Amino acid sequence: MPTDNDGIMVILSSPSGAGKTTLVNLLSEKDNYKISISHTTRQPREGEIPNKDYFFVDDKEFKRLIYNQEFLEYAKVFNNFYGTSRSPVINNLNSGKNVLFDIDWQGADQIKNKKLDYKLITFFILPPSKEILFERLSNRHMKDKLIVDQRMQQFERDVLHWINYDYVVINDELKNCYLKIKNLINAEISNGSKDYDPQFIRQHVEKLTS
Ligand code: 5GP
């Protein structure tokens, strides 16, 4: 059983372009969460800082980490491998720090299935509409229409995993979305009442998938 002194685990997943990374950074800055730094075999993007944004490793090193069972979870996403190493996460949780994961649905499923002795809250972030998602992805990948098309197709598949999360939050406006997540976490911790409407979420997902 989790004790009151242990930290909690919060997972944020979302289809690409829903604004999750910004939310993770906001939560860690304002609410003192430790962000779990993943390993990845993908190349660093412009502006990314090694050992802060990711531990960038080659395929051989990633396989070694799998072989040595160092990952709490790992998955292939968009042709690259991503994984969460176990020991920093467990050390932080045992010393009472909350840990925030920016990982996809495959990683979220794996961590959930591990049934660790720490409280786990999972969030799936969705865009307000497909049109807005398209706009956000087009702004991000201005030069590459193919990437935008691929990410839109991936969205259709990723969105189906919403059902496995504790909460689905719509990122209509960053501050608003951040506050919704923060309030739900606080309500979970204190067993307080939750401002959450599953029926509304179901209708929103139906709109996104129609
Ligand atoms: P990006 O390459 O855009 O940083 O991330 C692509 C996707 O991989 C995102 O959905 C992100 O949440 C996911 N991701 C990042 N790190 C991990 C990880 O350690 N494990 C898993 N399963 N997914 C990850």
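Note that ligands are numbered from 1 as they come in the structure, with each ligand's atoms numbered from 1 the same way. Keep in mind the model is a prediction, meaning the values are calculated, not measured.
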Colleague: Output the set of protein residues with a heavy-atom contact under 4.0 Å to ligand 1, ordered first by chain identifier and then by residue number.
Modeller: Lys20, Ser38, Arg42, Arg45, Tyr54, Glu73, Ala75, Val77, Tyr82, Gly83, Thr84, Asp102, Ile103, Asp104, Gly107
Colleague: How about OH on Tyr33, more than 12 heavy atoms from neighbouring residues, nucleotides or ligands closer than 6.0 Å, or not?
Modeller: yes
Colleague: Could you tell me if Arg45 sits above the aromatic ring of Tyr54, with its cationic atom closer than 6.0 Å to the ring centre and no more than 45 degrees from the axis?
Modeller: no
Colleague: Show every salt bridge (Lys or Arg N to Asp or Glu O under 4.0 Å) that has at least one partner inside residues 84-98, sequence neighbours left out.
Modeller: none
Colleague: Tell me, yes or no, whether the heavy-atom count around Arg202 atom CZ, taken from other residues, nucleotides or ligands under 6.0 Å, exceeds 12.
Modeller: no
Colleague: Ring pair (Phe, Tyr, Trp, His ring centres under 6.0 Å) with Tyr178: which residues, sequence neighbours excluded?
Modeller: none
Colleague: Could you pull out all residues at least two apart from His39 that satisfy ring pair (Phe, Tyr, Trp, His ring centres under 6.0 Å)?
Modeller: Phe55, Phe71
